[in-house]
Amino acid sequence: MHDTGTVPPSAPAPQETPAAPDRPAGGTSGRHARRFGLPVATALVMGNIIGGGIFLLPASVAPYGTVSLLAFGVLTVGAVALALVFGRLAERDPRTGGPYVYAREAFGDFAGFLAAWAYWITTWVSNAALAVAAVGYLDVLIPVNDHRWTACLAALVLQWLPALANFAGSRYVGAVQLVSTVLKFAPLLLVAVGGLFFFDPDNLGPFNAGGGSAIGAVSASAAILLFSYLGVESAAVSAGEVKDPRRTVGRATVIGTAGAALVYLLGTLSVFGTVAHDRLVDSTAPFSDAVDAMFGGSWGGWAVALAALVSMTGCLNGWTLLSAQTPYAAAKDGLFPAAFTRRRRGVPTFGVGVTVVLASLLTVYNYASGSAKVFEVLVLVTTFTATVPYLLATAAQLFHLVSGRRDRVDRVRLVRDTVVASVAGGFSLWLVAGAGYAAVYQGVLFLFAGVLVYAVMAGRGRRAQLPADGRR
């Protein structure tokens, strides 16, 4: 059913783009292109939210004490609110592109371009970050970190394998995403659920280990956890490849976000209760330590390393697809170069290729510079750049709510959707604050570079509309 709180009955129905443009053209809609159902769409959301971060989160927030569990709760409320907003917006306009489509429809080309540009930056920088982080787990299985360029080569291979899966077609993207999501949850649930049976309250340590205010501790730990919640928009961005997107996108987004949050919370709580606090603070593999504490021995490191690799590969697979979807949608509207509209077997192959090349160059730069701090700033930049499309999408929802005929809508739904959108907006602003000054500075530079690109693309579009003699 359509939500009368989001689509005013007196307003014209949102213009729908025919299904054909979102499907491969030129006879490429064969067996390699397949639309996603609810299971794969949900797996895409969960797989993109849960990358490699969960395997490090317990140790990262342990210095703040168990008060960090409250940060999980606050972040989860914000993430679910954002998921509900994306579901409502996808119901209005179920085209491929997600936040880009919503921002452009509400506020025009420039807002749409900023959403697409910022989201594109987020995806390929995140891919580079995931690949480099995955090398650390690969080293547990196969020594690759002994030499800097061996590690670099391993990171590049980890990026290109998911890209090849995307080149093979959306059918294979969905298969890889579903299988990798299922496989990675086996070890995660082993710790998240099994750890509760070995839970020892004496291992928890102090509630507020930092000694400062509890509110400050929640905010500080939340800043670390923010990056791990990026990805709630995954199903909305790929709406053109989802079956019955008006219904499926919202359900997949909420279910996937809630499922990921539950795994985060249970996993961290179990690790807190199975590994002594003083040991957890200095741990570099908290889930491995938890498995060792639960069952004894040292095989936990191997199991968790393998699980992390599966998790990150699936995450890279999903993010590689998303990295091409937004520029594809923007290119169709003339806001990105036309080459980004090239599709094969249901996947925007040019966008995938450009994205994996940029992520590879960033990876090589990271290893060549030999400075982990440079890369850490870039990772936080993705937290900032992601808030641009998040805020614009939330603003689009508020715009639709406020601009509707209040005497013709369901008031209860209107109030509910307004509260949800406001919470999502506050969550997005909190993401900006959590990114830090350095990341915001770098992110703004990336955005300003996009303004120049928009000027060129808009100028070319204006010139194409002029008569042959150049006069109006």
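All figures in this text were calculated on a predicted structure; none of them were measured in a lab.
- Within the structure, every pair that satisfies the side-chain hydrogen bond (donor to acceptor under 3.5 Å, both in side chains) test and touches residues 107-116, not counting sequence neighbours, is listed here: Arg104-Asp109.
- The side-chain tip of Arg92 does not point at the ring of Tyr102 from less than 6.0 angstrom away and within 45° of straight on.
- Panel note: side chain Thr320, backbone Leu316; a donor-acceptor pair is recorded below 3.5 Å.
- Residue pairs meeting the salt bridge (Lys or Arg N to Asp or Glu O under 4.0 Å) criterion with at least one partner in residues 430-456, sequence neighbours excluded, do not occur; the list is empty.
- Qualifying side-chain contact (heavy atoms from CB on, under 4.5 Å) partners for Ala338, counting only residues two or more places apart in sequence or in other chains: none.
- Under the side chain to side chain donor-acceptor pair (under 3.5 Å) criterion, Thr394 pairs with no residue at all, not counting sequence neighbours.
- Residue pairs meeting the salt bridge (Lys or Arg N to Asp or Glu O under 4.0 Å) criterion with at least one member in residues 149-161, sequence neighbours excluded, do not occur.
- Shown here are the side-chain contact (heavy atoms from CB on, under 4.5 Å) partners of Thr355, two or more places apart in sequence or in another chain: Trp120, Trp124, Asn127, Ser323.
- By the ring pair (Phe, Tyr, Trp, His ring centres under 6.0 Å) test, Phe113 pairs with Trp117, Phe336, Tyr454, sequence neighbours left out.
- Screening residues 74-85 for side-chain hydrogen bond (donor to acceptor under 3.5 Å, both in side chains), with sequence neighbours left out, gives Thr76-Tyr229.
- Judged as a side-chain contact (heavy atoms from CB on, under 4.5 Å), and not counting sequence neighbours, the contacts of Leu262 are Leu266.
- Side-chain atoms of Thr122 and Thr385 form a donor-acceptor pair, as typed in the model, at a separation below 3.5 Å.
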Side-chain donor-acceptor pairs under 3.5 Å in residues 151-165, sequence neighbours left out?
| residue | atom | partner | partner atom | Å |
| --- | --- | --- | --- | --- |
| Gln159 | OE1 | Ser360 | N | 3.4 |
| Gln159 | NE2 | Thr363 | OG1 | 2.6 |
| Trp160 | NE1 | Ser360 | OG | 3.1 |

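- Listed by chain and residue number, Ile49, Ala79, Leu82, Phe86, Thr257, Tyr390 satisfy the side-chain contact (heavy atoms from CB on, under 4.5 Å) test with Val232 (two or more places apart in sequence, or in another chain).
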